[in-house]
> 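Here it is, the structure in full.
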Number of protein chains: 2
Amino acid sequence: MSGRLAVIGLGPGDARYVTPDAQAALAGAEALYGYGPYLDRVPVREGQSRHASDNREEGARATAALHHAAAGASVAIVSGGDPGVFAMAAAVCEELAAGPPAWRALDIAIVPGVTAMLAVAARAGAPLGHDFCALSLSDNLKPWETIERRLDAAAGAGFVIALYNPISRARPWQLGRAFERLRGVLPATTPVVLGRAVGRADEQVTVTTLAAADPNAADMATLIIVGSVETHVIERPGRPPLVYTSRSAQGARA
Amino acid sequence: MSGRLAVIGLGPGDARYVTPDAQAALAGAEALYGYGPYLDRVPVREGQSRHASDNREEGARATAALHHAAAGASVAIVSGGDPGVFAMAAAVCEELAAGPPAWRALDIAIVPGVTAMLAVAARAGAPLGHDFCALSLSDNLKPWETIERRLDAAAGAGFVIALYNPISRARPWQLGRAFERLRGVLPATTPVVLGRAVGRADEQVTVTTLAAADPNAADMATLIIVGSVETHVIERPGRPPLVYTSRSAQGARA
């Protein structure tokens, strides 16, 4: 079987974050699959078909792309950020594991990219400068109790926490509940960074505290970083503050 | 003050991972600072000075670069991977916080890159496909007890764990101790990925289990990913296995 499926990370929203590796993988594909707004970022190429689908249809998109590749084509699925972080690479593996054995002969390539938390952290300074975790607040595929237990464990052990999928129309209360939960573990003064649409023209980065963090300031395009007791803010006259987490840590609770 | 300091992520070892944003930032610098092997990756440019220093001299390197920028120059510090993940961005912020107030007027830019765990994950499949954390095993700047507590907390709560700085000549036993510790929390069959020099010519990716994981198979250039109970391996005839973590989770201990 000569088919090939590449799962490609476009990075955070602008062509200047698309690696040469990703550019080459995009150029080499006969067919592109993806969520419409991600496909829209890819320059149109003659002879390359496009298959847009909805944001919530990861499984169906992966299956369609695998079928297409199994027919002998060179297929690519595009992801925002990095395809391995709350994105399409895991969906492809899940479908491949459950699918026909012939799919295991396909050439599968995952092309990494700059994931949202790295882009937001870069804009703010170095809030991920020490041990950190990445946690999805979506309770579509895991119970909310699991999310709360992970928030407690991560914050209690001194990890900085990057929150993906913080809020959506269908999940309006989860972020507020997460902030509440973290206020039970971390000091009120803990720095919080909200990064919206980083890398796009309407990019917005806000630095606040855990006490003041407002869930209504976030939307689907927002990535949130909650600091640890080792996270500090440097105020700068005439410039946005720099947020960083010390490289040295005692790891003590506050 | 017109000085500028960019802290630039080169990604995992090959020019095909250097984003156009990073390329532009490198081209715009009058002076480059960094660990020698990272500087060696950057194409030489006429009129651009180079200041190599040792791997362990992050603080001194940051200070030298800040002084140079404060003299009005456009300066860049290069990092492997992403500068915000166990790299130079936090060191720059620490020195800036402790340094003369005039440094706060400098134009500081952090240019993100593909960090090692994303590159290793991409080679292996999608082991970071659900909640995960990144933890440095270096006990140079934090007590070993803190590291053990974080390993327990992360594994117990169901996070996949990416281990940075696993081993070095000066820290020979930490990785073995970490595997032992994790064996107390996770099933013996938990998938483990060891990725060495990913993105370089001598790249090597090994998939094993927590029971069989051998610390002697790792060195300073290795990034290790320890799965959760939701991490699975797909065997593929004639191809390396695919490792992925399910997007859905119960979050239960094994």
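What's counted below: heavy atoms across the whole structure, side chains too, no hydrogens, waters or symmetry copies. The model shown is predicted, which means the values in this text are computed figures rather than measured ones.
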> Has B/Arg200 got a side-chain atom pairing as donor or acceptor with B/Gly13's backbone, closer than 3.5 angstrom?
no
> Tell me, side chain or backbone of B/Ile108 under 4.5 Å from chain A's heavy atoms, or both, or neither?
both
> Looking at A/Ala109, A/Pro127, A/Ala97, which makes the most heavy-atom pairs under 4.5 Å with chain B?
A/Ala97
> Verify, without hydrogens or angle tests, whether B/Lys142 (side chain) and B/Ser136 (backbone) share a donor-acceptor contact under 3.5 angstrom.
yes
> Of the backbone (N, CA, C, O) and the side chain (C-beta and beyond), which part of A/Ala121 lies under 4.5 Å from a heavy atom of chain B, both, or neither?
neither
> Hey, which of B/Ile234, B/Ile110, B/Thr19, B/Asp131 has the most heavy atom pairs under 4.5 Å with chain A?
B/Asp131
> What part of B/Val85 is in contact with chain A, defined as an atom under 4.5 angstrom from a non-hydrogen atom: side chain, backbone, both or neither?
both
> Under a 4.5 Å cutoff for heavy-atom pairs, which residue among A/Val243, A/Asn140, A/Leu118 has the most contacts with chain B?
A/Leu118
> Based on non-hydrogen pairs under 4.5 Å, which of A/Cys93, A/Gly129, A/Gly84 is most in contact with chain B?
A/Cys93
> Which bit of A/Ala15 is near chain B, if near means a heavy-atom gap under 4.5 Å: side chain, backbone, both or neither?
backbone
> Which one, A/Gly238, A/Pro20, A/Ala126, leads in non-hydrogen pairs under 4.5 Å with chain B?
A/Pro20
> Hey, are the side chains of A/Leu66 and A/Leu106 touching, using non-hydrogen atoms and a 4.5 Å cut-off?
yes
> Would you mind telling me which of B/Ala89, B/Pro112, B/Pro83, B/Gly113 has the largest number of heavy-atom pairs within less than 4.5 Å of chain A?
B/Pro112
> Looking at A/Glu58, A/His232, A/Glu94, A/Met88, which one has more heavy-atom pairs under 4.5 Å with chain B than the rest?
A/Glu94
> Are the side chain of B/Thr63 and the backbone N or O of B/Gly59 linked by a donor-acceptor pair below 3.5 Å?
yes
> Using only atom types and a distance under 3.5 Å, with no angle test, would you say the side chain of B/Tyr244 pairs donor to acceptor with the backbone of B/Leu128?
no
> Please look at A/Leu242 and chain B and tell me whether the side chain, the backbone, both or neither of the residue comes under 4.5 angstrom of a heavy atom of that chain.
side chain
> Any carboxylate oxygen within less than 4.0 angstrom of a Lys/Arg side-chain nitrogen, looking at B/Glu203 and B/Arg123?
yes
> Is it the backbone or the side chain of A/Ser246 that comes under 4.5 Å from a heavy atom of chain B, or both, or neither?
both
> If you tally heavy-atom pairs under 4.5 Å against chain B, which of A/Ala122, A/Ala90, A/Ala22, A/Gly11 wins?
A/Ala122
> Would you mind checking which part of A/Glu145 comes under 4.5 Å of any heavy atom in chain B, side chain (CB onward), backbone (N, CA, C, O), both or neither?
neither
> Got a donor-acceptor contact below 3.5 angstrom from the B/Asp107 side chain to the B/Arg4 backbone?
no
> Given 3.5 Å as the limit, does a donor-acceptor pair link the side chain of A/Arg236 with the main chain of B/Ala105, or not?
no
> In terms of the angle between their ring planes, are B/Phe86 and A/His130 parallel, tilted or perpendicular, with boundaries placed at 30° and 60°?
perpendicular
> Please rank B/Ala124, B/Ala91, B/Ala154, B/Ser138 by heavy-atom pairs under 4.5 Å with chain A and give me the top one.
B/Ala91
> Where on A/Ile161 is there a heavy atom nearer than 4.5 Å to chain B: the side chain, the backbone, both, or neither?
neither
> Under 4.5 Å heavy-atom distance to chain B, tell me which part of A/Val114 shows up: side chain, backbone, both or neither.
both
> With distance as the sole criterion, is a donor-acceptor pair present between the side chains of A/Glu230 and A/Thr245 under 3.5 Å?
no
> Taking every non-hydrogen pair under 4.5 Å, which of B/Ala134, B/Ala153, B/Ala24 racks up the most with chain A?
B/Ala134
> Which atoms of A/Thr115 are under 4.5 Å from chain B, going by heavy atoms: the side chain, the backbone, both sets, or neither?
both
> Can a donor-acceptor pair be found, under 3.5 Å and without considering hydrogens, that links the side chain of A/Arg181 to the backbone of A/Asp152?
no
> Looking at A/Asp82, is its backbone amide N or carbonyl O close enough to the side chain of A/Ser79 to form a donor-acceptor pair, meaning the two atoms are under 3.5 Å apart?
no
